[in-house]
Amino acid sequence: TVGAVAVDTEGNIACATSTGGMLNKMVGRVGDTPCIGSGGYADNNIGAVSTTGHGETIMKVTLARLILFNMEKGQSVEAASDSGLALMKSRVDGLGGVITVDPQGHWAARFSSLQMAWAAAQSDTLHYGLYTGE
Amino acid sequence: MLPVVVVHGGAGFVPRQRSELSVSGVCSAAGSAYGILKGGGSSMDAVVNAVTLLENNPAFNAGIGSVLNVRGDIEMDALVMDGKTLASGAVSAVRNIANPTQLARLVMEKTSHACLTAEGASQFARAMGIPEVPVESLITDYSRMRWQKNLAADANPVECQMGKMG
């Protein structure tokens, strides 16, 4: 799965997510990616999220919208992302990762899996990582 | 407003020999999308640009290099959403399209629907003038190797997907 979230110079927010799915999936299986609120969500008033990971568990907690709900309650992009991933782990034993932005341009790349390739560009600076803590 | 773009290349396992390809791929996609934002482009243009580049990069399992289903075939899904209007578009189980994200954007912009699937999505793509590509052009040696390895380990399609991340 691959994805992107962005805030432009006018403060508008968008997300996109794309996937081939899950290795050796059953024919006809559709995961979280095309499901609004699960594979991604964007709202100029709150922020945007693109998700990756175990699709069935992401759908059970509607992970993207859950993280934005956490942000609506006042959590930072980082805390909201971690809270969403923690709930997915505790309630449905799911692992995955998310990228999150808010309208102010704060961003986070968080994951509960062993690794997630990510990169962020802001203020002419490129940040990137693959393992936890990078 | 300081523009920002963040991209990911998936939470699945990346073997060490492919880690550099993954990191360079996400950096390249983020850099390209950031250039669009700096030039005054929209956030939607930026995310579609970034994901299109990742779909075209065989290091990732979307677009070219998609993981294969139990039959060794490709079925891809994609979603876009515009935070200004809450407009969204999605496609699922598409096979002959190089860039499902661009097709999802057309679903958002040209239809009143949220998601088109399988043959319906293909018909819509043809109506929009999106060129079809052979499925074989989206299958890499690496994805075929993983499919065969997984088939050998688990013949049961339900069991073999347990614990795997898309």
Side-chain angles (χ1 to χ4, degrees), chain A residues 1-31 33-36 39-44 48 50 52-55 95-97 99 101 105 107 109 111 113-123 126 128 130, chain B residues 1-11 14 19 22-23 26-27 30-31 33-34 37 40 42-44 46-48 50-51 54-55 60-62 66-67 69-71 74-84 88 90-93 100-101 114-115 146-147 150 157 160-161 164-166:
Chain A
T1 306
V2 300
V5 293
V7 186
D8 61 30
T9 53
E10 296 184 359
N12 292 318
I13 296 176
C15 72
T17 310
S18 180
T19 190
M22 182 190 287
L23 183 63
N24 291 47
K25 63 186 178 183
M26 294 177 73
V27 175
R29 179 262 188 186
V30 176
T33 295
C35 299
I36 189 168
Y41 201 86
D43 184 338
N44 271 14
S50 171
T52 173
H54 187 239
L95 297 175
I99 49 175
V101 292
W107 61 272
F111 50 98
S113 51
L114 290 175
Q115 53 193 194
M116 179 181 80
W118 63 268
Q122 187 176 44
S123 304
L126 187 65
Y128 60 91
L130 179 60
Chain B
M1 172 60 66
L2 277 179
V4 60
V5 59
V6 191
V7 308
H8 72 74
V14 181
S19 61
S22 294
V23 172
V26 291
C27 287
Y34 186 64
L37 294 174
S42 72
S43 53
M44 179 56 67
V47 296
V48 170
V51 174
L54 295 169
E55 287 173 340
F60 302 100
N61 65 12
S66 284
V67 291
N69 67 19
V70 70
R71 284 189 191 159
I74 278 183
E75 291 177 320
M76 301 174 291
D77 310 323
L79 165 76
V80 299
M81 186 163 184
D82 182 342
K84 183 177 182 182
S88 68
V91 293
S92 66
T101 303
C115 184
R146 291 184 73 202
W147 169 68
N150 209 51
C160 77
Q161 63 185 264
K164 304 291 194 303
M165 281 187 281

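Residue numbering restarts at 1 for every chain, and letters A, B, ... go by the order of the sequence lines. Side-chain atoms are counted along with the backbone in the values below, which use heavy atoms only and exclude waters and symmetry mates.
Most heavy-atom pairs under 4.5 Å with chain A, from the set B:A90, B:S66, B:G9: that is B:G9. Interface check for chain B: of the options A:A119, A:A48, A:A6, the most heavy-atom pairs under 4.5 Å are formed by A:A119. With chain A as the partner, the residue from B:C115, B:A93, B:G83 showing the most heavy-atom pairs under 4.5 Å is B:G83. Note: B:V14 leads B:L2, B:V48, B:V14, B:V91 in heavy-atom pairs under 4.5 Å with chain A. Chosen from A:G31, A:G28, A:A4, A:C35, the residue pairing most often with chain B at heavy-atom distances under 4.5 Å is A:A4.
No side-chain donor-acceptor contact under 3.5 Å links B:S43 to the backbone of A:D8. Between the side chain of B:Y34 and the backbone N or O of A:S123, at least one donor-acceptor pair lies under 3.5 Å. Judged by distance alone, with hydrogens and angles left aside, the side-chain atoms of B:E75 form no donor-acceptor pair with the main-chain N or O of A:V27 at under 3.5 Å.
The heavy-atom pair separating A:M116 from B:H8 by the smallest distance is SD-CB, 4.0 Å. For the residue pair A:M26 and B:V70, the shortest heavy atom distance occurs at CA-CG1, 4.4 Å. What you find for A:N24 and B:W147 is that their closest heavy atoms are ND2-O, 3.2 Å. For the pair A:T33 and B:L79, the tightest heavy-atom approach, listed with the atom from each and the gap, is O-CB, 3.1 Å. The nearest pair of heavy atoms linking B:S19 to A:L130 is CB-CD2, 3.4 Å. Closest of all the heavy-atom pairs between B:A30 and A:A121 is O-CB, 4.0 Å.
Here B:C27 contributes atom SG and A:W118 contributes atom CH2; the two are 8.5 Å apart, rounded to the nearest 0.5 Å. Distance check: B:K84 NZ to A:I13 CD1 gives 12.5 Å after rounding to the nearest 0.5 Å. Taking OG1 from A:T1 and CE from B:M76, the interatomic distance works out to 13.0 Å, rounded to the nearest 0.5 Å. Rounded to the nearest 0.5 angstrom, A:N12 CG and B:D82 CG are separated by 7.0 Å. A:M22 CE to B:N61 CG: the interatomic distance, rounded to the nearest 0.5 Å, is 11.0 Å.
Inter-residue side-chain proximity for B:N69 and A:R29 is flagged as unmet; no heavy-atom pair is nearer than 4.5 Å.
Residue contact with chain A, scored on non-hydrogen atoms closer than 4.5 Å, involves the side chain of B:S88 exclusively. Looking at A:V5, the atoms closer than 4.5 Å to chain B (heavy atoms on both sides) sit in the backbone and in the side chain alike.
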Under the criterion side chain to side chain contact (heavy atoms under 4.5 Å, CB included), I'd like the reasoning laid out for A:V2 against B:V7: C-alpha separation, chi angles, the key distance, then a yes or no. CA-CA 7 Å; A:V2 300; B:V7 308; over 6 Å; no
